[in-house]
Chemist: 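Take a look at the following structure, please.
Atoms within a ligand are numbered from 1 in the order they appear, just like the ligands themselves. Here, residue 1 is the first one in the sequence, and each next residue gets the next number. Note that the structure is a prediction, hence the values are computed from the model and not measured.
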Amino acid sequence: MYSSKARITAIGSYVPEKRLTNDDLERLIDTNDEWISKRTGIKERRIAHEDEYTSDIGCKAVWNLMERFEKSVEDVDMIIVCTLTPDFNTPSTAALVQAKLGIKNAGAIDLNAACAGFTYGLHVANGLITAGLHKKILVIGAETLSRITDYEDRTTCIIFGDGGGAVLVEYSENQPSFLSAHVGSAGEKGKNLYVSNLSKQMFEEEIINSGKFVQNGREVYKWAVTTVPKGMESVMEKANLAMSDVDWFIPHSANLRMIESICDKADFSLGKTLYSLVEFGNTSAATIPLSLDKGVLEGKIKNGNKLLLYGFGGGLTHAGLLIDWNIWDKGSETPAL
Ligand code: UT7
């Protein structure tokens with residue numbers, strides 16, 4: 001029996017100003033807007049300023065949350081930053097965020113589950129709060145993927161971009177957001193998407209130690225479109241609900257063709273699916289909070305909606321969550337949690 005004592009109470013997001021359009025890429029590599037649009041659905045991505053790191057993007061998303069929801073974060077007792085592009089190997093990006101936000105009494109950890117990072121981060125936050133170990137957790141999904149993208153590899157560089165989103169997860173006795181979860185991994189397929197500057201021999205075959213993304217897009221694609229629909233079914237079964245009870249499906253925004261195929265296999269309407277890839281590209285751990293916040297800002301996601309979030313990617317890993325969305329607007333009275 002799945003039980004939860006945690007609730008998402010606020011959200012914020014941030015993307016850098018600089019845009020990298022399909023036309024810009026056409027000037028850099030042998031590609032064109034028609035190919036990128038047809039194969040991925042992506043039109044442009046945001047690129048971090050040279051002085052802007054993942055911790056900065058994470059903080060800006062939190063400031064956006066604080067401003068919009070009049071929330072204070074000084075009593076946050078845990079910060080989880082989900083990222084595969086930390087500022088440093090150590091200190092953790094979460095510790096940098098803690099210092100930059102001036103939070104005094106919080107634990108701080110980075111969580112790397114690549115594009116499934118944000119849903120894993122929420123899963124962990126829910127567990128920590130439900131177990132009674134923490135009361136108020138910031139979960140941030142933030143990336144500066146432009147720093148690890150090889151802009152000479154046309155099959156890979158066309159999808160990635162930078163950005164971030166943040167949510168506050170708080171203790172709630174009676175109104176939890178978390179209804180069910182399904183997580184999984186396939187490490188034996190990890191060689192299909194990696195970034196290495198350390199390992200000499202991680203997999204059976206030779207690996208490229210470039211510090212940049214190396215991706216077998218087709219293999220990741222095939223894995224995701226078979227794994228995710230089954231995972232979605234499992235999330236719904238565990239909650240004892242049907243797919244028709246879901247108001248919005250928010251998958252990792254990797255590629256629109258993949259999302260269409262997942263919806264087709266799961267017999268779910270693409271019209272009830274939210275994604276952030278058209279304007280922001282694939283921002284790994286940031287795609288789901290960006291899509292979520294876009295849905296909130298556009299007035300699509302409403303209190304009382306059931307949201308099916310599904311992250312998948314590097315690892316390979318995946319994590320799906322069914323969320324009962326109930327947050328309150330700035331200035332309105334927040335009912336007792
Ligand atoms: O987010 C984390 C996990 N990552 C993913 O989920 C990514 C999943 N995979 C994908 O999104 C897609 O595999 C890509 C968008 C990365 C690539 O699309 P694809 O349809 O799998 O293309 P492909 O690599 O199989 O290449 C098909 C053809 C090739 O030409 P030939 O051999 O058929 O003549 C490529 O050389 O398209 C060519 N091609 C391009 N042409 C123009 C590859 N990249 C480009 C390009 N512009 N940028």
Chemist: Quick one: which of R154, M258, R39, K38 has a heavy atom closest to atom 19 (P) of ligand 1?
Modeler: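 Selected option, by shortest heavy-atom distance: R39.
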Chemist: Looking at Y53, is R147 sitting on its ring face, NZ or CZ under 6.0 Å from the six-membered ring centre and within 45 degrees of the normal?
Modeler: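 So R147 does make the cation-pi contact.
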Chemist: Would a search of protein heavy atoms around atom 41 (N) of ligand 1 find one under 4.0 Å away?
Modeler: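 Protein heavy atom within 4.0 Å of atom 41 (N) of ligand 1: present.
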Chemist: Less than 4.0 Å from atom 44 (N) of ligand 1, is there any heavy atom belonging to the protein?
Modeler: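 When distances to the protein are checked, atom 44 (N) of ligand 1 has a heavy atom within 4.0 Å.
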Chemist: When you compare the side chains of T54 and T144, does any donor N or O come within less than 3.5 Å of an acceptor on the partner?
Modeler: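 Distance-only check passes for T54 and T144.
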Chemist: So is C115 touching ligand 1 or not, going by heavy atoms under 4.0 Å?
Modeler: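 Yes; C115 lies near enough to ligand 1 that a heavy-atom distance drops under 4.0 Å.
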Chemist: Taking a cutoff of less than 4.0 Å between a non-hydrogen atom of the residue and any ligand atom, is D30 in contact with ligand 1?
Modeler: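 Yes, that is the case, since the closest heavy atom of the residue is under 4.0 Å from the ligand.
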Chemist: Would you mind telling me if ligand 1 is within reach of the side chain of R218, the backbone, both or neither, using heavy atoms under 4.0 Å?
Modeler: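 Both parts.
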Chemist: Considering only protein heavy atoms, which is closest to atom 14 (C) of ligand 1, and at what distance to one decimal place?
Modeler: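 Ranked first by proximity to atom 14 (C) of ligand 1 is T155 O, 4.2 Å.
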Chemist: Under 3.5 Å, is there a donor on one side chain and an acceptor on the other for N209 and S196?
Modeler: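 S196 and N209 do have a side-chain donor-acceptor pair below 3.5 Å.
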Chemist: For K43 and S37, which I'm curious about, is there any donor-acceptor pair between the side chains at under 3.5 Å?
Modeler: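 A donor-acceptor contact under 3.5 Å links the two side chains.
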Chemist: Among protein heavy atoms, which lies nearest atom 18 (O) of ligand 1, and at what distance?
Modeler: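 The closest one turns out to be W35 CH2, 3.7 Å.
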Chemist: Indicate whether the side chain of E26 and that of T31 have a donor and an acceptor atom separated by less than 3.5 Å.
Modeler: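 Side-chain D/A pair, E26 to T31: absent.
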Chemist: With atoms numbered from 1 as shown, which atoms in ligand 1 lie under 4.0 angstrom from a non-hydrogen atom of H252?
Modeler: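 Numbered from 1, ligand 1 contributes 1 (O), 2 (C).
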Chemist: Picking from T149, N22, T21, what satisfies side chain to side chain donor-acceptor pair (under 3.5 Å) with R45?
Modeler: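 Per the side chain to side chain donor-acceptor pair (under 3.5 Å) rule, the option paired with R45 is N22, out of T149, N22, T21.
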Chemist: So which protein heavy atom does atom 46 (C) of ligand 1 come closest to, and at what separation?
Modeler: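 I find the closest protein heavy atom is T31 OG1, 3.3 Å.
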